[in-house]
Number of protein chains: 2
Amino acid sequence: MGVTIKEVAKAAGVAPSTVSRVIADNPRISPATKKRVRKAMKELGYHPNVNARSLVRSSTQAIGVVMPSSADKALQNPFFPEVLRGISTVAHDLEYSLLLSTGETEEEILEGVQRMVHGNRVDGVILLYSRLKDKVMEFLHEQNFPFVIVGKPNENIDTISHVDNDNIRASKEITEHLIGLGHHRIGFIGGSKDLAVTVDRITGYEQALNQAGLPVKKEYRVHTEFLKSGGRKAVHELFSLEEPPTGLVISDDLMSIGVINMLEEFGLYVPEDVSIVSFNNVYMAEVTRPPLTTVDINIYDLGAQACKCLVEKIQNKNEPAKRIIVPFEIKHRMSTQQWKRETSKRA
Amino acid sequence: MGVTIKEVAKAAGVAPSTVSRVIADNPRISPATKKRVRKAMKELGYHPNVNARSLVRSSTQAIGVVMPSSADKALQNPFFPEVLRGISTVAHDLEYSLLLSTGETEEEILEGVQRMVHGNRVDGVILLYSRLKDKVMEFLHEQNFPFVIVGKPNENIDTISHVDNDNIRASKEITEHLIGLGHHRIGFIGGSKDLAVTVDRITGYEQALNQAGLPVKKEYRVHTEFLKSGGRKAVHELFSLEEPPTGLVISDDLMSIGVINMLEEFGLYVPEDVSIVSFNNVYMAEVTRPPLTTVDINIYDLGAQACKCLVEKIQNKNEPAKRIIVPFEIKHRMSTQQWKRETSKRA
DNA sequence: CATAGAAATGCAAACGTTTGCCTAATCTAA
DNA sequence: TTAGATTAGGCAAACGTTTGCATTTCTATG
């Protein structure tokens, strides 16, 4: 159906190979010929067939992006569009296409990735999550297929390229912020402990506590999937303690929003009754009531760096595994305040 | 690098063509041979090369998904992951891959789509937005390339397949809900008038007003991009009117959240002072304070139907253009209440 | 003027499939 | 028994590129 290289060749009075070299801007072709061929291409409306090219080069110009299970509400976290934006921008610059892969179950996701990899559909893969004992990661690793993780691999950390924040330090600093405001009873609410990001943030949180000589209480730590009911229950328990926390480190802005609402149900207000800080600086964080003090992890850069790193790996098989740390920045807004033992302003 | 069909053929003692036919489960091959070939495939770890296949079949098994400009914060609307989930599910079932395309600018997006189409990367395209005079749509249409729009095309409505809600009716019904609660001064807040969805929802809103004999006031209608400052200004103006609205129809749940917060800044509470209803039933709508009364437009189905429809079109070039209307459902929650002329409970 | 290089271009194989057509073997029915 | 039909499978061309190597055409040098 489309115009082929042969037709262009005929029209320009050259051999197909010459046309091919013109496309590649090969210096062995004289400027005059190039001009002539380019003209013919334009006139005929020629566009190279990527499949043919992929076949002989055995490289598509595409990279696969693997999202977590689409059944997971987490997918609706603005984190994903934002990281995708980062990936997409550099992919576009480097003339790579993006193949998306999701599935309802882990099995489906694996299938999708295998189709991508075995079918030669992509040259490399970006993993947008990192779970403990993840089949997809194992598959990619043992196939020795180029891939990079956004986040932190739970194993083989030195041989798997990944781009991440220094979550330990970020968590430590944001916790210290709370401590600096006079809070002594600080809780932590986070997602699944299977996620590397969760454990790092716990680590930082505990480091800050320890360093300030504050006790690390197990009952101050809550892991919830942020399913509505589960979250409510957890928050309820937390604030039914004899000495409930006055500050909360929360692993995700969206969770914060949920927590704020639950607290309000219990008659507790942010920041008057409890100060909260969280992570990601999702765009909503600025718009909530109150606006959230949160650590901006530079989601866009996470994506951009991952893509750049992957392409380097693709183009040079010997590129060593890298660990790229993108800087974070604490955004101070209205969800925290100095701790003074007094009753709620609104209550 | 990979195992090829020839190696499998040799191993099974048949011709490559036979292997190919086994893959296609062609009835001309005897069960015995099939078994033998399949065994060889498994043993050698054979996976067909999609590029080679695409080349001869001149059909990839891939569909392109075009998102709106990634610069647009709208991309962070949970609408997109959800519609993607719908698409992805049926794509997976039908063994299609998803090629994603975004860009910062409209120009970039168009480029991406052209690369997809001209390079034979995809068999069809799903457009996740529909803007007036959209270049991408025009391109696809004049190329006569299979595509479907999620939403409603502004032109050529009878020749472009699309899947949409009956937004007029939905908007009418939700407005009637407000009217039924005794509200007489009802405003409308929506996005760009270039979007088909916005004009439909306005239409329904005005129909309800007219039918109830209520005046349609121009100053009750606000179009805002929901950029923080712009939105604030608009809301401020709306409620500085001599007779400010007591009810609001808002075109998107996320906007509602913004509006609620702005109102609160002005000392107005939802639903005590003003009732609001909106659209989409994004998962956050249930978690906000108050939970939103909103029309559930079945985003998942929108995506699923679009994908199904596209594949039908791909597999049968003569398939006529379709218009698929997915049903909506009003979710009654806490953001509205009976209108009684009294002051805010909280104020 | 002959000729060695260099520069520019062409030839043809290769990439891994699919598929129209052909052939050999087997079967069916008269 | 045999002609014709049916079945099972093979052959080779085709899809649209890229690329190593061969060939032609210059240019400049001795």
Side-chain angles (χ1 to χ4, degrees), chain A residues 1-38 40-41 44-62 95 115-123 315, chain B residues 1-38 40-41 44-62 95 115-123 315:
Chain A
M1 21 170 111
V3 183
T4 78
I5 214 174
K6 289 182 191 168
E7 304 176 45
V8 176
K10 191 164 292 175
V14 297
S17 50
T18 302
V19 178
S20 175
R21 286 191 249 262
V22 171
I23 296 171
D25 205 15
N26 188 313
R28 300 180 62 100
I29 305 297
S30 74
T33 312
K34 277 187 184 171
K35 197 162 192 173
R36 197 150 37 93
V37 171
R38 293 218 173 93
M41 294 199 309
L44 297 179
Y46 169 76
H47 293 271
N49 181 316
V50 226
N51 295 309
R53 188 196 304 237
S54 296
L55 183 56
V56 21
R57 290 236 199 111
S58 75
S59 108
T60 62
Q61 284 265 106
E95 309 224 287
R115 266 223 312 260
M116 280 183 173
V117 171
H118 282 144
N120 274 104
R121 267 184 206 277
V122 297
D123 294 341
Q315 291 176 345
Chain B
M1 21 169 106
V3 183
T4 78
I5 214 174
K6 289 181 192 171
E7 303 175 46
V8 175
K10 191 164 292 175
V14 297
S17 50
T18 301
V19 178
S20 175
R21 286 191 247 262
V22 171
I23 295 170
D25 204 15
N26 187 312
R28 299 180 63 97
I29 306 297
S30 72
T33 313
K34 277 186 183 169
K35 197 162 192 175
R36 197 149 39 94
V37 170
R38 294 217 173 94
M41 295 198 309
L44 297 178
Y46 169 76
H47 293 272
N49 181 318
V50 228
N51 294 308
R53 187 197 305 234
S54 297
L55 183 55
V56 21
R57 289 236 199 111
S58 73
S59 109
T60 60
Q61 284 265 104
E95 309 223 289
R115 265 223 314 259
M116 278 182 173
V117 171
H118 282 144
N120 275 105
R121 268 183 205 278
V122 297
D123 295 340
Q315 290 176 346

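Below, read A as the first sequence line, B as the second, and so on, with proteins coming before strands; counting in each chain starts at 1.
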So [X], base contact, sugar-phosphate only, or nothing? Heavy-atom distance under 4.0 Å.
X: B:V14; result: sugar-phosphate
X: B:T33; result: sugar-phosphate
X: B:R53; result: sugar-phosphate
X: B:G119; result: nothing
X: A:S20; result: base

- Query: For A:I5 and A:I23, what are the C-alpha separation, side-chain angles and deciding distance, and is it a side-chain contact (heavy atoms from CB on, under 4.5 Å)?
  - Reply: CA-CA 10 Å; A:I5 214 174; A:I23 296 171; 4.2 Å; yes

Roughly how far, to the nearest 0.5 Å, is [atom2] of [Y] from [atom1] of [X]?
X: B:Q315; Y: B:S59; atom1: CD; atom2: OG; answer: 9.0 Å
X: B:I29; Y: B:R36; atom1: CD1; atom2: CZ; answer: 10.5 Å
X: B:N120; Y: A:H47; atom1: CG; atom2: NE2; answer: 11.0 Å

Euclidean distance, atom [atom1] of residue [X] to atom [atom2] of [N] [Å, nearest integer]:
X: A:N51; N: C:dT18; atom1: CG; atom2: C1'; value: 14 Å
X: A:I5; N: D:dC15; atom1: CD1; atom2: P; value: 14 Å
X: B:N26; N: D:dG9; atom1: CG; atom2: C1'; value: 10 Å
X: A:I29; N: C:dG10; atom1: CD1; atom2: P; value: 8 Å
X: A:K6; N: D:dA13; atom1: NZ; atom2: P; value: 13 Å
X: A:K10; N: D:dG16; atom1: NZ; atom2: C1'; value: 14 Å
X: A:K35; N: C:dA8; atom1: NZ; atom2: P; value: 16 Å
X: B:D25; N: C:dT18; atom1: CG; atom2: P; value: 13 Å

- Message: Whether A:S30 contacts C:dT9 is assessed here as follows: a side-chain N or O lying under 4.0 Å from the phosphate OP1 or OP2. Is that the case?
- Response: yes

- Closest nucleotide of DNA chain D for B:L55 versus for B:S17: which of these residues is on the 5' side? B:S17

- Item | Contact nearer the 5' end of DNA chain D, comparing A:V19 with B:P16 | B:P16

- Message: Run the side-chain contact (heavy atoms from CB on, under 4.5 Å) test on B:N49 and B:T4 for me, step by step, so that the C-alpha distance in whole Å, both residues' side-chain angles and the decisive distance to 0.1 Å come before the verdict.
- Response: CA-CA 8 Å; B:N49 181 318; B:T4 78; over 6 Å; no

- Where the side chain of B:R28 is concerned, which of C:dG10, C:dA8, C:dC22 is the nearest nucleotide? C:dC22

- Could one point to a donor on the side chain of A:R57 or the base of D:dG16 with an acceptor on the other under 3.5 Å away? no

- Message: Whether the side chain of B:R21 and the base of D:dG10 hold a donor-acceptor pair under 3.5 Å is what I'd like checked.
- Response: yes

